[in-house]
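Heads up: the structure comes next, in structure tokens.
Any value given below was found using the heavy atoms of this structure, including those in side chains, with hydrogens, waters and symmetry copies removed.
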Amino acid sequence: MQQFIDSYIATLSGQFFINQVITILLLVIYGVVFVGIIRGKSLSIADYILAYPLSLLAYSISGYFLLSVGIKFNKYSVIITMALFLIITAVFFRKRINIKSLINKNTLIYIALAVILTLVSVSGIVPVSATNDSMYFFSEYPRALVHYEKICSILDNFLTDASQGIAIIATLPFFYGFDEIFGVQTLLNINFLAFFAYAVQSYASTRLDKKNTYVITFVSIVMLVTSMPFVLMSRWFMANAFFMEYMAVILYFAYEFSLKEETDRADLLVLAVLITGLSIMRMEGALNAGVLILSIMMLKFKSKDIALYFLSPVLILQSLYLYRIFIKITLHTKIQFMTKEKAVVLIAFLIIIMLYALLIRNRLPEKLEKNYGYLLVLSLISVNLVILVYDRSGYIINLKAFIFNMLKNSGWGLFVPFVIGVFILIPKKSIKINYFDISVVCYILITIIAGWARGDNLYESFGDSGNRIMIQAVPVILFALIVKVTEGLKYWKEENLG
């Protein structure tokens, strides 16, 4: 034991991990202050769970904004931008500010727990994986951003192919004096497990008794941490791991917040930060965010709130960034994932969603509004069919790659047959198509579209870009299945036990 402790302390001090610990804890505190300001009351478990993910996005969005508008990107400008965001938030929520909501026993316990988990995260106890792509896009590129302090033509493919939001998070080591950011991702993974347990428990507790709620929550976590695609992706330092977890967080909390009788501005702001952050995590992130927002329109949010909080930040940031890389500077690379033509289509897509939200939503005939989710799925199927007609060979090659990757163990393990097997066991009379089901189907359909739009054929491999993007849906698919199981248990108890 003494040898382990000595080795652990040497690791912390010898490899600059103390700096990483301090940086992460400052981010955690920033997140707590942010949710404390907007809530104005004692923080809930959900608020504490959201604190760290929100702080990472505040850093990512701040850096993305600075780079997109051409302001010098360094550790001081990022800190100032984050501080300004906090100050502006405090001004808008000034009537809610309550120091007691921040400084209390629960917050102190949370900070103490964060210290322990951060030490575990940066210690190397939890294994991580890195590949050439990991180091190229999330070590070399962030190092270049820190060096040049701006977006410039010499960065070429990085600007059109890399996950900008995660690359910005990956600048943390080079600004604040530590090695790589594996600890940052590991703590986010641990935080995500807490979120998943919270989401399952919250949903199940409204439909099952306390004992069955605890059982299904425990079983759900076991299912998640033993799921091969989740384990492999969460350990791999790539943007996919971040995207996978943030997407699940958005879909669930959009659902939870929509259940409230009155819309809370704080909830809208939380979702705004989450959705905006997700949109910059990958080059196709804004496309996914747009479809995600279309799915969220199934819920009871006002159209003006959807336009103002969810769509406007995404549209503005994407426009600024794409204008910067395609108009303000000259790129020399001939092969690009994001091109001028795709950029125009993307912005047009976001504008169309905005116009739909403001001018059409809730104004259609009642029957159409009631079947909105099915119409959304049908629309995406139609786009897939158009692509099939336009490029039959390319579309079929990519579709086969998606299917073979799922069935031939390219990182999926037994996840697909497991989901099918459990679904078959659920009482059929309890099965109803819901928001989570529609969201999963929409994500799969837009992923097939994005896979085709990248230009190159997908292939059979765990590391294939299309396969990784599809794996991002695993936690959401699992949660949708758990919802079905919960409803099935409720139905079975009502039918058999009265």
Side-chain angles (χ1 to χ4, degrees), residues 199 202-203 206-207 246-260 263 267-268 271 274-275 278-279 286-307 309-311 314 349-350 352-387 419-420 423 426 428-450 469-470 472-488 490-491:
S202 297
Y203 186 90
T206 61
R207 290 157 175 81
Y246 275 101
M247 181 170 67
V249 169
I250 291 169
L251 284 171
Y252 175 76
F253 277 112
Y255 167 78
E256 181 176 295
F257 294 160
S258 72
L259 298 178
K260 297 181 180 180
T263 303
D267 294 339
L268 294 173
L271 288 174
L274 290 171
I275 292 171
L278 185 83
S279 73
L287 179 69
N288 291 125
V291 173
L292 210 63
I293 293 169
L294 287 170
S295 298
I296 290 172
M297 287 188 195
M298 295 177 63
L299 306 174
K300 295 179 180 179
F301 289 105
K302 295 178 182 178
S303 294
K304 64 178 183 179
D305 290 335
I306 290 173
Y309 286 90
F310 304 165
L311 279 164
V314 175
F349 175 63
L350 294 173
I352 289 170
I353 299 175
M354 177 81 77
L355 292 175
Y356 172 80
L358 293 174
L359 303 177
I360 301 176
R361 183 174 181 255
N362 296 331
R363 291 180 174 86
L364 295 173
E366 183 179 351
K367 191 173 182 179
L368 290 178
E369 291 290 351
K370 186 177 180 180
N371 292 289
Y372 167 79
Y374 298 105
L375 292 174
L376 178 58
V377 171
L378 185 61
S379 299
L380 291 172
I381 290 174
S382 299
V383 175
N384 274 269
L385 291 176
V386 170
I387 295 173
V419 169
I420 295 173
F423 183 79
I426 299 171
K428 298 303 174 283
K429 291 184 178 180
S430 71
I431 296 177
K432 296 179 181 178
I433 303 299
N434 57 43
Y435 155 75
F436 295 106
D437 302 325
I438 296 293
S439 299
V440 167
V441 174
C442 286
Y443 179 80
I444 291 172
L445 290 171
I446 197 62
T447 296
I448 295 172
I449 294 170
I469 297 172
M470 195 65 80
Q472 290 171 174
V474 163
V476 180
I477 293 172
L478 185 56
F479 185 80
L481 180 67
I482 292 164
V483 167
K484 288 284 182 287
V485 171
T486 302
E487 298 295 347
K490 179 186 176 185
Y491 172 82

Any idea which heavy atoms bring [X] and [Y] closest together, and the distance?
| X | Y | value |
| --- | --- | --- |
| M247 | V476 | CE-CG2, 4.2 Å |
| F423 | K428 | O-NZ, 3.8 Å |
| L358 | R363 | O-NH1, 3.0 Å |
| Y443 | I469 | OH-O, 2.6 Å |
| V314 | A286 | CG1-CB, 4.3 Å |
| L368 | L375 | O-CD1, 3.6 Å |

Spacing of [atom1] belonging to [X] relative to [atom2] belonging to [Y], to within rounding of 0.5 Å:
| X | Y | atom1 | atom2 | value |
| --- | --- | --- | --- | --- |
| D437 | I477 | CG | CD1 | 11.0 Å |
| L271 | L278 | CG | CG | 11.5 Å |
| N288 | I449 | CG | CD1 | 10.5 Å |
| I353 | M297 | CD1 | CE | 6.5 Å |
| L376 | I438 | CG | CD1 | 7.5 Å |
| T263 | L268 | OG1 | CG | 6.0 Å |

(request) Using the test salt bridge (Lys or Arg N to Asp or Glu O under 4.0 Å), find all partners of D305 that sit at least two apart in sequence or belong to another chain. (result) none
(request) Classify the angle between the aromatic ring planes of Y372 and Y356 as parallel (below 30°), tilted (30 to 60°) or perpendicular (above 60°). (result) parallel
(request) Give the ring-plane orientation class for F436 versus Y252, where under 30° counts as parallel, over 60° as perpendicular and anything between as tilted. (result) parallel
(message) Would the distance check show the side chain of S202 and the main-chain N or O of A199 forming a donor-acceptor pair, the cut-off being under 3.5 Å?
(response) no
(request) Using modelled atom types only, decide if a donor and an acceptor are shared between the side chain of Y435 and the backbone of L251 within a distance under 3.5 Å. (result) yes
(request) Under the ring-ring contact (aromatic ring centres under 6.0 Å, His included) rule, collect the residues that match up with F257, sequence neighbours excluded. (result) F253
(message) Can you list everything that forms a ring-ring contact (aromatic ring centres under 6.0 Å, His included) with Y246? Sequence neighbours excluded, please.
(response) none
(request) Answer yes or no: are there more than 12 heavy-atom neighbours, outside K260 itself, under 6.0 Å from its atom NZ? (result) yes
[X] versus [Y]: any side-chain heavy-atom pair under 4.5 Å?
| X | Y | value |
| --- | --- | --- |
| I250 | I296 | yes |
| N434 | K484 | yes |
| F349 | V291 | yes |
| K300 | L259 | no |
| C442 | L294 | no |

(request) Going by the side chain to side chain contact (heavy atoms under 4.5 Å, CB included) test, name the single residue among V386, I387, I381, L385 that passes it with V383. (result) I387
(request) Taking atom types as modelled, find out whether R361 and S303 have a side-chain donor-acceptor pair closer than 3.5 angstrom. (result) yes
(message) Taking the ring centre of each residue, are Y309 and F301 less than 6.0 Å apart?
(response) no
(message) Applying side-chain contact (heavy atoms from CB on, under 4.5 Å) to Y203 and E487, what does each step give before you reach the verdict?
(response) CA-CA 10 Å; Y203 186 90; E487 298 295 347; 2.6 Å; yes
